[in-house]
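To start, the structure under review is shown below, and the notes come after it.
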Amino acid sequence: MQLEQIMSKEHLEQTLIGTLGIEFQELTKERVVCTMPVGPKTHQPLGLLHGGASVALAETAASIAAFLNVNPETHYTVGLEINANHIRGKRDGIVTAIATPLHIGRSTMVWNIDIVDEQQRQICISRCTMAVVEQKK
């Protein structure tokens, strides 16, 4: 699947990305930036941003970043491992994920993802390892 197909609004609306309201602000091989609203759809029962929503945002940023670094005609990328440290709670507004590479290899990639609020305060720190998989012909 080509980037244009994956990133089409119609396609994204049918995925977790659309459900969580994630939007892409910057898409380069060295940096992917995306935002997510904080509200009822992304809250845990106490009204705070759900850690799982933060992890979904982080993996989304890393997944798209990794995909930008492979030839989609021959390879695709999938999440292999993700971890997250939740630093600060958030009840409303917008969070922004910034994914930058720590390692881009032939079979794996490791991405650092910082999630910040509107004042650039750290909300979550995540690291995601992506597997690079050769497409079967």
Side-chain angles (χ1 to χ4, degrees):
M1 199 175 256
Q2 296 296 321
L3 183 64
E4 297 78 26
Q5 293 171 292
I6 290 173
M7 299 301 292
S8 76
K9 186 172 175 69
E10 296 78 26
H11 178 71
L12 292 179
E13 285 300 318
Q14 302 303 311
T15 70
L16 183 63
I17 293 167
T19 300
L20 295 178
I22 296 171
E23 295 183 358
F24 295 91
Q25 309 301 318
E26 183 179 335
L27 296 166
T28 70
K29 288 183 174 188
E30 299 80 29
R31 183 174 144 112
V32 166
V33 177
C34 48
T35 58
M36 180 178 70
V38 178
K41 285 186 177 181
T42 57
H43 280 165
Q44 42 94 306
L46 296 177
L48 293 167
L49 175 61
H50 195 293
S54 293
V55 171
L57 176 63
E59 187 160 347
T60 296
S63 293
I64 297 300
F67 186 79
L68 292 171
N69 281 276
V70 298
N71 177 347
E73 308 251 335
T74 60
H75 292 80
Y76 61 95
T77 57
V78 294
L80 189 59
E81 188 273 340
I82 189 163
N83 67 52
N85 294 98
H86 306 292
I87 308 298
R88 176 179 277 113
K90 184 147 176 72
R91 291 188 181 277
D92 56 28
I94 302 283
V95 288
T96 301
I98 302 115
T100 54
L102 297 171
H103 165 74
I104 297 178
R106 289 181 289 122
S107 61
T108 62
M109 296 185 201
V110 180
W111 292 85
N112 183 73
I113 307 96
D114 290 309
I115 300 177
V116 298
D117 67 10
E118 298 91 340
Q119 289 76 42
Q120 302 304 305
R121 293 178 298 196
Q122 196 83 51
I123 301 297
C124 179
I125 301 166
S126 182
R127 186 181 62 232
C128 185
T129 302
M130 302 296 298
V132 179
V133 181
E134 188 172 356
Q135 291 189 30
K136 302 281 189 226
K137 297 290 178 182

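Residue numbers run from 1 in the order of the sequence given.
Judged by distance alone, the side chain of Glu26 and the main-chain N or O of Ile98 form no donor-acceptor pair under 3.5 Å. At distances below 3.5 Å, not a single donor-acceptor pair connects side-chain atoms of Ser63 with backbone N or O atoms of Gly79.
No path of Ile, Leu, Val, Met, Phe, Trp and Tyr side chains, each step under 4.5 Å between heavy atoms, connects Phe67 with Val110, placing them in separate hydrophobic clusters. Note on Val78 and Leu102: separate hydrophobic clusters, where clusters join Ile, Leu, Val, Met, Phe, Trp and Tyr whose side-chain heavy atoms are under 4.5 Å apart, directly or indirectly. Note on Ile94 and Val33: separate hydrophobic clusters, where clusters join Ile, Leu, Val, Met, Phe, Trp and Tyr whose side-chain heavy atoms are under 4.5 Å apart, directly or indirectly.
Between the NE2 atom of His50 and the NE2 atom of His43 there is a distance of 11.5 Å, given to the nearest 0.5 Å. Summarising the geometry, atom CG belonging to Leu20 is positioned 8.5 Å from atom NZ belonging to Lys41; distances are rounded to the nearest 0.5 Å. To the nearest 0.5 Å, atom CD1 of residue Ile17 and atom CG of residue Leu12 are 5.0 Å apart. Expressed to the nearest 0.5 Å, how far CE of Met36 lies from OG of Ser54 amounts to 5.0 Å. The distance from atom CE of Met130 to atom CD1 of Ile64, rounded to the nearest 0.5 Å, is 8.5 Å. A distance of 6.0 Å separates CZ in Arg127 from CD in Glu81, rounded to the nearest 0.5 Å.
What you find for Glu134 and Tyr76 is that their closest heavy atoms are O-CE2, 4.4 Å. Taking all atoms of both residues into account, the shortest heavy-atom contact from Gln14 to Glu10 is CG-O, 3.5 Å. Contact between Ala97 and Ala61 at its shortest, heavy atoms only, is CB-CB, 4.3 Å. Closest non-hydrogen pair, Val38 versus Thr42, comes out as CA-OG1, 3.3 Å. Heavy-atom minimum distance, Ala99 versus Ala62: CB-N, 4.2 Å. Shown here for Cys34 and Leu57, the closest heavy-atom pair between the two residues is SG-CD1, 3.7 Å.
Partner of Ile115 under the side chain to side chain contact (heavy atoms under 4.5 Å, CB included) criterion, out of Ile125, Val95, Leu49, Thr96: Val95 alone. Among Asn69, Val132, Leu68, the one residue that satisfies the side chain to side chain contact (heavy atoms under 4.5 Å, CB included) test with Thr77 is Val132.
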Evaluate side chain to side chain contact (heavy atoms under 4.5 Å, CB included) for Arg88 paired with Ile123, printing each intermediate quantity in order. CA-CA 5 Å; Arg88 176 179 277 113; Ile123 301 297; 4.1 Å; yes

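Legend: residues meeting side-chain contact (heavy atoms from CB on, under 4.5 Å) with Val55, ordered by chain and number and at least two apart, are Ile82, Ala84, His86.
Among residues at least two apart or in separate chains, side-chain hydrogen bond (donor to acceptor under 3.5 Å, both in side chains) pairs with a member in residues 107-122 are Lys90-Glu118, Asn112-Asp114, Asp114-Gln122, Asp117-Arg121, Gln119-Arg121.
Considering only heavy atoms from C-beta on, Val70 comes within 4.5 Å of Met109 through its side chain.
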